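Naming convention: chains lettered A, B, ... in sequence-line order (proteins, then strands); numbering from 1 in each chain. Note that the structure is predicted; figures quoted are calculated from it, not measured.
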Protein chains: 2
Amino acid sequence: MYGYEITQQVKEQSEGKILLTEGALYPALHKLEADGLLTTERVMIGKRMRKYYTLTPAGNTAITDKIKEFYSFLEAMQLIIGGKPKNT
Amino acid sequence: MYGYEITQQVKEQSEGKILLTEGALYPALHKLEADGLLTTERVMIGKRMRKYYTLTPAGNTAITDKIKEFYSFLEAMQLIIGGKPKNT
DNA sequence: CAAATATACCTAAGATTCTTTGGTATACAA
DNA sequence: TTGTATACCAAAGAATCTTAGGTATATTTG
């Protein structure tokens with residue numbers, strides 16, 4: 001995907017609950033790229049540029065690990081605050 | 001509860017997965033107090049001081065709201081991470 | 001009994017990350 | 001022609017966390 005598309009997809013798929021702004025996203029993408037977790041491919045659409053980002057093998061490992069961390073964190077939070085998500 | 005107790009309880013109840021350090025906790029407690037969400041009661045245990053924190057009514061409202069926000073965020077994350085891709 | 005660990009408070013520098021607010025430019029609809 | 005959407009980006013300020021200390025008492029252990 002490309003940057004702007006990510007902001008729109010996050011907004012759409014999260015039903016407007018998560019607003020990932022460009023000011024937060026672009027610096028993050030650049031850092032991930034600098035860390036070797038993403039590669040970019042510049043594509044011209046007419047006269048407008050897009051930068052498509054793709055996960056590197058290291059990026060795939062990293063995201064898998066991060067998601068595991070996230071679920072581990074959720075389990076821990078569950079133990080602390082108790083309860084379960086409502087209306088799911 | 002008091003500050004140090006919170007760090008220990010979080011560590012214990014989260015099975016060591018969440019480490020809430022004092023450097024993060026104390027400034028946060030002081031801010032919550034300044035914002036009127038907590039009140040403190042100083043108690044001497046022998047020659048050692050403890051500061052017990054209690055939620056104010058505003059604090060109770062705030063924590064309830066925050067937990068709701070948290071679950072709302074989780075649902076949104078579920079849609080994105082475990083989400084439904086358009087294609088593939 | 002001396003030294004290490006645990007309890008209990010705290011601050012401050014540095015790093016990281018997010019929000020806000022701008023900028024540039026093309027495409028299209030009102 | 002003005003506004004909205006697309007598409008990239010940077011920088012200042014704010015918020016938060018990590019790290020690394022400081023002070024002091026209490027208890028455990030070698």
*Asks:* Given dC9(C), dT11(C), dA7(D), identify the nucleotide with an atom nearest to the side chain of Pro27(B).
*Replies:*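 So the nucleotide nearest the side chain must be dT11(C).
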*Asks:* Would a 4.5 Å heavy-atom cut-off, applied to side chains only, mark Lys11(B) and Leu20(B) as touching?
*Replies:*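 The answer is no; the side chains never approach within 4.5 Å.
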*Asks:* Output the rounded distance in Å from NZ (Lys31(A)) to P (dT16(C)).
*Replies:*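 Rounded to whole Å, this separation is 7 Å.
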*Asks:* Sub-3.5 Å donor-acceptor pair from the side chain of Thr40(B) to the main-chain atoms of Tyr53(B), do we have one?
*Replies:*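 Not confirmed, Thr40(B) side chain does not pair with Tyr53(B) backbone.
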*Asks:* Under 4.0 Å: is that the gap between some side-chain N or O of Tyr2(B) and OP1 or OP2 of dA8(C)?
*Replies:*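 Yes, because at least one side-chain N or O of Tyr2(B) sits under 4.0 Å from OP1 or OP2 of dA8(C).
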*Asks:* Within the distance-only criterion (no hydrogens, no angle test), does the side chain of Thr7(B) pair as donor or acceptor with the backbone N or O of Glu22(B) below 3.5 angstrom?
*Replies:* no
*Asks:* I need the OH-C1' distance between Tyr26(B) and dT11(C), as an integer number of Å.
*Replies:* 12 Å
*Asks:* Any heavy-atom pair between the side chains of Leu38(A) and Thr54(A) that's under 4.5 Å?
*Replies:* no
*Asks:* Can you confirm whether Leu55(A) is buried at CG, in the sense that more than 12 heavy atoms of other residues, nucleotides or ligands lie under 6.0 Å from that atom?
*Replies:* yes
*Asks:* Rounded to whole Å, please give me the gap between CG in Leu19(B) and P in dA20(D).
*Replies:*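 Nearest whole value for this atom pair: 15 Å.
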*Asks:* Is there a donor-acceptor pair closer than 3.5 Å between any side-chain N or O of Ser72(A) and the backbone N or O of Lys68(A)?
*Replies:* no
*Asks:* Starting from C1' on dT7(C), measure out to CE on Met44(B) and report it in whole angstrom.
*Replies:*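 Taking atom C1' of dT7(C) as the reference, CE of Met44(B) is at 13 Å.
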*Asks:* In whole angstroms, how far is the C1' atom of dA7(D) from the CD atom of Gln9(A)?
*Replies:*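 It is 15 Å, rounded to the nearest whole Å.
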*Asks:* Taking Leu29(A) as the starting point, is it possible to reach Tyr4(A) by hopping between hydrophobic residues whose side chains are less than 4.5 Å apart?
*Replies:*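 Looking at the clustering, Leu29(A) is in the same group as Tyr4(A).
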*Asks:* Which whole-number value in Å describes the distance from Leu25(A) CG to dT17(C) C1'?
*Replies:*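 For the pair Leu25(A) CG and dT17(C) C1', the rounded distance is 13 Å.
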*Asks:* What is the distance from CD of Gln8(A) to C1' of dA5(D), rounded to the nearest Å?
*Replies:* 9 Å
*Asks:* With DNA chain C as reference, determine whether His30(B) or Thr21(A) sits nearer its 5' end, using the nearest nucleotide of each.
*Replies:*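 In this pair, the answer is His30(B).
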*Asks:* By nearest atom, which of the nucleotides dC9(D), dT6(D), dC18(C) is closest to the Tyr53(A) side chain?
*Replies:* dC9(D)
*Asks:* I want to check one thing: is the phosphate of dC8(D), taken as OP1 and OP2, less than 4.0 Å away from some side-chain N or O of Tyr4(A)?
*Replies:* no
*Asks:* Walk along nucleotides 21-30 of chain C from 5' to 3' and tag each nucleotide B, S or - by protein heavy-atom contact under 4.0 Å, base first, then sugar-phosphate.
*Replies:* -----BS---
*Asks:* What integer distance in Å separates Leu29(B):CG from dC17(D):C1'?
*Replies:*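 Nearest whole value for this atom pair: 15 Å.
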